[in-house]
Amino acid sequence: MFPAAAIPELRRSLLAWYGQQGRDLPWRQTRDPYAIWISEVMLQQTQVQTVIPYYQRWLERFPTVEVLAIADLNAVLKAWEGLGYYSRARNLHRAAQQIVTEHQGRFPESATAVEALPGIGRTTAGGILSAAFNQPQAILDGNVKRVLARLGALPLPPARAIAQLWQWSEALIDPDQPRDFNQAIMDLGATICTPRKPVCDRCPWSFACAAYNTQMTEQLPLREASSPIPHKQIGVAVIWNDRGQILIDQRKPEGLLGGLWEFPGGKIEAGESIEDCIRREIQEELGIAIAVGDHLISVDHTYTHFRVTLHVHYCQHLEGEPQAIECAEVRWVEPTELSEFAFPKANQQIITAILKSKVQ
DNA sequence: TAGGCGTGGTC
DNA sequence: TGACCAAGCCT
């Protein structure tokens, strides 16, 4: 724990450092709560450098909450394609419609109302309200957790001390400059108090930092024990019809990669060959018979909690009308139309392989 | 309350 | 190179 008497000096030194060393980020050039909201959601579990081009394209494509609210969900997902955690895009779309219908198109200014919007929790609400309206709302993102865990030498992993960390964040926020304070503590975590090799000799808080003063910065924050992740083998079909079209399906709206398009397939069962798996999955999911042909490509992809290898084969449609049995929609498309649909990262390599192959 | 939910960067 | 981590939320 840090001494309460140090709080005024912690605020002063952080804000002085921020004035000199703070980052110049696109969403800091606006007070528009809509634009700031978009940035906050894009930044959830996502690094700044990844977000910047998406943020700029998004505001050109959906400049206001009204434009977003009336947009087609497929266009919203296409704009989000590649950012990951696609429920964020679906929730932005829903929340925009909620703001239009329930708040007359004006972004709400109370924490209760903001947190009632889908996809906005306490940290995102605090980030929006402090940045857009300079309200003294605390935040607790990954940066703040790490900074505070070191400042106070937190004796357990941050996930086990969430209430304590919120108390510290609330105690520290500068009531006179909450906007700058929140931005500053996140910049401190992103550029000085980094996960590995923090640059303590340039840190405005080293004078009060319990980790620094006991040489524990490399050990803190404490980590949870991690468990090994499963590795699944997936059979995938690129199915052609006799008109030179390819069959794609849209995943159901919720869950993993919800609403995105993909090439159909499924998990290879124990003792099953890739070809048998593909035939079985396509019959079960789409109700059609196919002939499994040449291997096209194998794609390894790692998600947060598991890893997959996609074994992709070219296939020929034999008989039956494709039905959306275990997906939201199925569609025959020309190869040149594939770019119009939002696909997950692991499928992008398949598209590239199709467009490069001579078979088309 | 713990697990589901993407992708890219880093070492 | 596998493991960790990043401006978290939802159920």
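Per chain, numbering begins at 1; letters A, B, ... match sequence-line order. Quick note: numbers below take in every heavy atom, side chains included, and nothing from hydrogens, waters or symmetry partners.
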(message) Here's a test of your reading of the structure: between A:R307 and A:Q183, which maps to the more 5' nucleotide of DNA chain C?
(response) A:R307
(message) Cation-pi check for A:W166 against A:R122: NZ or CZ below 6.0 Å from the six-membered ring centre and within 45 degrees of the axis, yes or no?
(response) yes
(request) For A:R88 and A:Q44, test the side chains for any donor-to-acceptor distance below 3.5 angstrom and give the result as yes or no. (result) no
(message) Under a 3.5 Å distance rule, please check whether A:N241 uses its side chain to pair with a backbone N or O of A:G244 as donor and acceptor.
(response) yes
(request) State whether A:E262 and A:K252 are salt-bridged, where the test is any N-O pair (Lys NZ or Arg NE/NH1/NH2 against Asp/Glu carboxylate O) under 4.0 Å. (result) no
(request) Determine the contact category for A:E81: base if any of its heavy atoms lies under 4.0 Å from a base atom, sugar-phosphate if only primed atoms, P, OP1 or OP2 are that close, otherwise nothing. (result) nothing
(message) Less than 6.0 angstrom separating the ring centers of A:H301 and A:Y303, yes or no?
(response) yes
(message) Taking the ring centre of each residue, are A:Y54 and A:W80 less than 6.0 Å apart?
(response) no
(request) Please work out if A:G82 contacts a base, only the sugar-phosphate, or nothing of the nucleic acid, heavy-atom cut-off 4.0 Å. (result) sugar-phosphate
(message) Using a strict threshold of under 4.0 Å (side-chain N to carboxylate O), is an ion pair present between A:E224 and A:R160?
(response) yes
(request) Measure up the A:W205 and A:F181 rings against each other and bin them: parallel (under 30°), tilted (30 to 60°), perpendicular (over 60°). (result) tilted
(request) Just call it for A:T302: base, sugar-phosphate, or nothing, with non-hydrogen atoms closer than 4.0 Å on any strand. (result) base
(message) Counting the atoms with a prime plus P, OP1 and OP2 as sugar-phosphate, which does A:R160 contact under 4.0 Å by heavy atoms, base, sugar-phosphate, or nothing?
(response) sugar-phosphate
Between the protein and nucleotides 9-11 of chain B, which nitrogen or oxygen pairs are less than 3.5 angstrom apart?
none

(request) Check every strand shown and say whether A:W27 touches a base, only sugar-phosphate, or nothing at a heavy-atom separation below 4.0 Å. (result) base
(message) Salt bridge check, A:E329 against A:R331: does any charged N sit closer than 4.0 Å to a carboxylate O?
(response) yes
(message) Please give me every residue in residues 126-149 of chain A whose heavy atoms get under 4.0 Å of an atom in DNA chain C, ordered by residue number.
(response) A:D141, A:G142, A:N143, A:R146
Protein-nucleotides 9-11 of chain C N/O pairs closer than 3.5 Å?
residue	atom	partner	partner atom	Å
C:dC9	OP1	A:G121	N	2.9
C:dC9	OP1	A:G121	O	3.4
C:dC9	OP1	A:T124	N	3.0
C:dC9	OP1	A:T124	OG1	2.7
C:dC10	OP1	A:G119	N	2.5

(message) For A:E284, is there an ion pair with A:R280 - N to carboxylate O distance below 4.0 angstrom?
(response) yes
(request) Give A:L25 one of three labels, base, sugar-phosphate or nothing, depending on what nucleic acid heavy atoms sit under 4.0 Å from its own. (result) base
